[in-house]
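Please read the structure below before turning to the comments.
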Amino acid sequence: VLVGAGSGIAPMVSLLEDLDGSGPIVVMLRARTTEEIPHLDEVRALAADRGATLYLLTGRRSRGWLPHGMAARMTQLAPALVASDVYVCGPRVWANTILAEARACGAPEEHLHIEEFAW
């Protein structure tokens, strides 16, 4: 499961390039609009090539990990979450909400990976 926002999408592209598609791949990209998602055409092509499911989580910010007005458990978008590694990259507060959601859905701590872009 690859989850990225803003400049944190670039590392998700790199990870997606290295995956061979032998297992389920879910990619979630967060932005206000699709126009603000960097590398979107490249991600779409890589996702299609690898058989990945791609979710574009667009809209206004909320207190949770999803855009305002959206409601879902992470396991609804990534059914194999508890058996998957979860890679998150984006703003610290948002990335922490992603990890909290993954933990709440039963993802083991050793499967959670974060790369923070904070300064």
Checklist entry - According to a 4.5 Å side-chain heavy-atom criterion applied to Ile, Leu, Val, Met, Phe, Trp and Tyr, with indirect links allowed, do Ile37 and Tyr55 form part of one hydrophobic cluster? => result no
Checklist entry - For the side chain of Arg50 and the backbone of Leu16, is there at least one donor-acceptor N/O pair under 3.5 Å apart? => result yes
Checklist entry - Any side-chain heavy atom of Arg32 within less than 4.5 Å of one from Arg60? => result no
Next on the checklist: Tell me whether Arg30 contacts the main-chain N or O of Leu57 through its side chain, where contact means a donor paired with an acceptor under 3.5 Å.
Outcome noted: yes
Checklist entry - Are Val3 and Met12 side-chain neighbours, meaning at least one heavy-atom pair lies under 4.5 Å? => result no
Next on the checklist: If I compare all heavy atoms of Cys105 with all of Arg73, which pair ends up nearest, and what's the gap?
Outcome noted: SG-NH2, 3.2 Å
Item to check | Side chain proximity check, Tyr87 to Leu112, heavy atoms < 4.5 angstrom | outcome: no
Item to check | Hydrophobic cluster identity match, Leu81 and Ile114, side-chain contacts under 4.5 Å | outcome: yes
Next on the checklist: Would the distance check show the side chain of Ser62 and the main-chain N or O of Leu66 forming a donor-acceptor pair, the cut-off being under 3.5 Å?
Outcome noted: yes
Next on the checklist: Please find the pair of heavy atoms, one from Ala95 and one from Gly90, that lie closest to each other, and give the distance.
Outcome noted: CB-O, 4.2 Å
Next on the checklist: Measuring from atom CG of Asn96 to atom CH2 of Trp65, what distance do you get when rounded to the nearest 0.5 angstrom?
Outcome noted: 15.0 Å
Checklist entry - Does the side chain of Leu56 reach to within under 4.5 Å of the side chain of Arg44, using non-hydrogen atoms? => result yes
Checklist entry - Given the rule that I, L, V, M, F, W and Y join up when any side-chain heavy atoms are under 4.5 Å apart, are Leu19 and Ile9 in one cluster? => result yes
Next on the checklist: Test side chain to side chain contact (heavy atoms under 4.5 Å, CB included) on His113 and Asp85; report intermediate values, then the result.
Outcome noted: CA-CA 8 Å; His113 312 278; Asp85 281 295; 3.0 Å; yes
Next on the checklist: Checking the side chain of His68 only, and the main-chain atoms of Arg61 only, is there a donor and an acceptor separated by less than 3.5 Å?
Outcome noted: no
Checklist entry - Is there side-chain contact between Ile98 and Met28, with at least one heavy-atom pair below 4.5 Å? => result no
Checklist entry - For Trp94 and Gly4, which heavy atoms make the closest approach, and how far apart are they? => result CH2-C, 3.7 Å
Checklist entry - About how many Å separate CD of Glu17 and CG of Asp49, when rounded to the nearest 0.5 Å? => result 10.5 Å
Checklist entry - How about Leu54 and Val26: do any of their side-chain heavy atoms sit closer than 4.5 Å? => result no
Next on the checklist: Which heavy atom of Val13 sits nearest to which heavy atom of His39, and what is that distance?
Outcome noted: CG2-CB, 3.9 Å
Checklist entry - Can you hop from Val27 to Met70 via hydrophobic side chains spaced under 4.5 Å? => result no
Checklist entry - Taking side chain as C-beta onward, heavy atoms only, is Leu29 less than 4.5 Å from Leu40? => result yes
Checklist entry - Sub-3.5 Å donor-acceptor pair from the side chain of Ser84 to the main-chain atoms of Val86, do we have one? => result no
Checklist entry - Do the non-hydrogen side-chain atoms of Asp20 and Ser22 ever get within less than 4.5 Å of each other? => result yes
Checklist entry - Sub-3.5 Å donor-acceptor pair from the side chain of Glu101 to the main-chain atoms of Met74, do we have one? => result yes
